[in-house]
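Right, one structure below, let's go through it.
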Amino acid sequence: MTTLRLMPPRDYRLARDVCSYGYFLLSPNRWTIHEHTLTRALLLGGKPAGVAISQPGAEPMSGGGTELLCRFDRALTKQEIADARIQITRMLRLDEDAAHIRSFHRVDPRWKKLGRGRLFRSPTLFEDVLKTVTSCNVTWPGTVHMNRRLVEVLGKQSPGGLKTFPDPKTIADASPLLLRERCRVGYRDKRIVELGAIFASGDAAITKIEDPATSDDDLHEILLALPGVGPYAAANIMQLLGRYSRLPLDTESVRHGRTILGFRGGSKQIMLRVKRHFEPFGDQAFRSYWFEMWHHYESIHGPAHTWDRDATGTAFTAAKLNAAIKKLGEKTKERKASQASKRAKTAKANLGSAGSSA
DNA sequence: GGTAGACCTGGACGC
DNA sequence: GCGTCCAGGTCTACC
């Protein structure tokens, strides 16, 4: 058994920074709400290894950033340790240091006190792309179910019994029928197989996606050319790559625009208004937008680090969210709408002074 | 360039 | 328990 110790940025809080984006609730990820531990399997050099990541002594939302303990369910080679380090760093966004987060807080100071800034993602780009595609045109429980089935049917099992997210080649070699019938991905079957083939082939476009030198516009075009990726998915994959200038606008954006920002009109009009509302946040627009929504979810369901994966699957349906929002009442809505307008103006002013360091 | 309709699945709801 | 309706973003055909 190997134990890897990682020193995260000094403001890092595992519970807060893992439970910051919905993917922490998707298989193979499992957050244990009592132990504050993230458990999953990683594919290291083609071989599965289970890992449990914890941060002993850390408070969920405050206190000093302490060492991360990564306990594997088998012994790792030197090369596998190096690979694990890369994947965990990507997943937890350990590469976004305290100065990086501060540059976001200068643009949107609302999240400074909570320290919000990092968004959980997957250990690989491929998993992020597939998770995004399985979140399109489906309600949240459907996304939860598809990811669970993909892992159960096509994942590789670690010595400790944990299964990995399927790798590109496994997906490329799978039949669309198997994906449809056993993983319940529906009409996405062929697109998912095509994505597997593109990633497995080492296509030049994939290299450009992760290249920081690729401009946001070029990246957006490359992503739109991927099967199953439209404007929403492209913008979402961009934020997962640390490009926060675009908003993945969907029905949640419309709900947020209507209920929190107090916008009126048809869905298209509201999406446009939400986009314009966050434009003053510039290349931090997504984080401002996301943490505003996330904060709202937490006001309904409690702190994200207390959400149970299985219960959340059914709690996050449109009907239940709408009911909960209604319950929260008009009062909050009016107060926040007025605050939101003030904030956008402040952000516009702050962006001028912080933009160069962001 | 813009728009309508098909694509699937699972939750919600009525009976 | 069963049938029906609805939510959800992308893709393709058509104007």
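Scope of the values below: all heavy atoms of this structure, side chains included, with no hydrogens, waters or symmetry mates. Only a predicted model underlies this, so the values are computations on that prediction, with no experimental measurement involved. Numbered from 1 within each chain, the chains take letters A, B, ... in sequence-line order.
- Using a 4.0 Å cut-off between a side-chain N of Lys or Arg and a carboxylate O of Asp or Glu, Arg40(A) and Glu127(A) qualify as a salt bridge.
- Applying the side-chain hydrogen bond (donor to acceptor under 3.5 Å, both in side chains) test to Asp218(A) and every residue at least two apart in sequence or in another chain returns Ser215(A).
- A rotation axis mapping the C1' atoms of four pairs onto the next four is fitted at both ends of the helix from dG1(B)-dC15(C) to dC15(B)-dG1(C) over five pairs, and the angle between these axes is 30° to 10 degrees.
- Between Trp140(A) atom CH2 and dG9(C) atom C1' there is a gap of 15 Å when expressed in whole angstrom units.
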Give each protein N/O atom lying under 3.5 Å from an N/O atom of nucleotides 7-9 of chain B, with the pair distance.
{"residue": "dC8(B)", "atom": "OP1", "partner": "Arg180(A)", "partner atom": "NH1", "Å": "3.1"}
{"residue": "dC8(B)", "atom": "OP1", "partner": "Arg180(A)", "partner atom": "NH2", "Å": "2.6"}
{"residue": "dC8(B)", "atom": "O5'", "partner": "Arg180(A)", "partner atom": "NH1", "Å": "3.3"}

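- Under the ring-ring contact (aromatic ring centres under 6.0 Å, His included) criterion, the residue pairs touching residues 178-208 of chain A are Phe126(A)-Phe199(A), with sequence neighbours excluded.
- Between Trp307(A) and Trp294(A), the distance separating the two ring centers is shorter than 6.0 angstrom.
- Judged as a side-chain hydrogen bond (donor to acceptor under 3.5 Å, both in side chains), and not counting sequence neighbours, the contacts of Arg90(A) are Asp128(A).
- The residues Glu279(A) and Arg276(A) are annotated as not salt-bridged, no charged nitrogen and carboxylate oxygen being separated by less than 4.0 angstrom.
- Every pair tested for side-chain hydrogen bond (donor to acceptor under 3.5 Å, both in side chains) that includes a residue from residues 192-213 of chain A fails, sequence neighbours excluded, so the list is empty.
- If you take CG on Leu76(A) and CG on Leu42(A), they are separated by 9.0 Å, rounding to the nearest 0.5 Å.
- Every side-chain hydrogen bond (donor to acceptor under 3.5 Å, both in side chains) that Asp17(A) has, sequence neighbours left out, goes to Arg118(A).
- Remark: Asp173(A) CG to Leu154(A) CG distance equals 10.0 Å, nearest 0.5 Å.
- A distance of 10.0 Å separates OG1 of Thr3(A) from CD1 of Ile81(A), quoted to the nearest 0.5 Å.
- Using a 4.0 Å heavy-atom criterion, one finds that Gly142(A) contacts no nucleic acid atom at all.
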Pick out the pairs of N or O atoms, protein on one side and nucleotides 1-4 of chain B on the other, that lie under 3.5 Å.
{"residue": "dT3(B)", "atom": "OP2", "partner": "Lys268(A)", "partner atom": "NZ", "Å": "3.2"}

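- Contacts classified as ring-ring contact (aromatic ring centres under 6.0 Å, His included) and involving residues 207-255 of chain A (residues at least two apart or in different chains) are not found.
- For Thr251(A) and dA7(C), the shortest distance from a side-chain N or O to OP1 or OP2 is not below 4.0 Å.
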Using a cut-off of under 3.5 Å, enumerate the N/O to N/O pairs linking the protein to nucleotides 13-15 of chain C.
none

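- Partner of Phe278(A) under the ring-ring contact (aromatic ring centres under 6.0 Å, His included) criterion, out of Tyr289(A), Phe286(A), Phe291(A): Tyr289(A) alone.
- The side-chain hydrogen bond (donor to acceptor under 3.5 Å, both in side chains) check on Arg180(A) picks up Asp189(A), with sequence neighbours excluded.
- Remark: Asp217(A) engages Arg246(A) in a salt bridge, criterion side-chain N to carboxylate O under 4.0 Å.
- Remark: Val229(A), Gly230(A), Pro231(A), Tyr232(A), Ala233(A) in residues 229-249 of chain A come within less than 4.0 Å of DNA chain C through at least one heavy atom.
- Among the heavy atoms of the strands lying under 4.0 Å from Leu226(A) are primed sugar atoms or P, OP1, OP2 only; no base atom is included.
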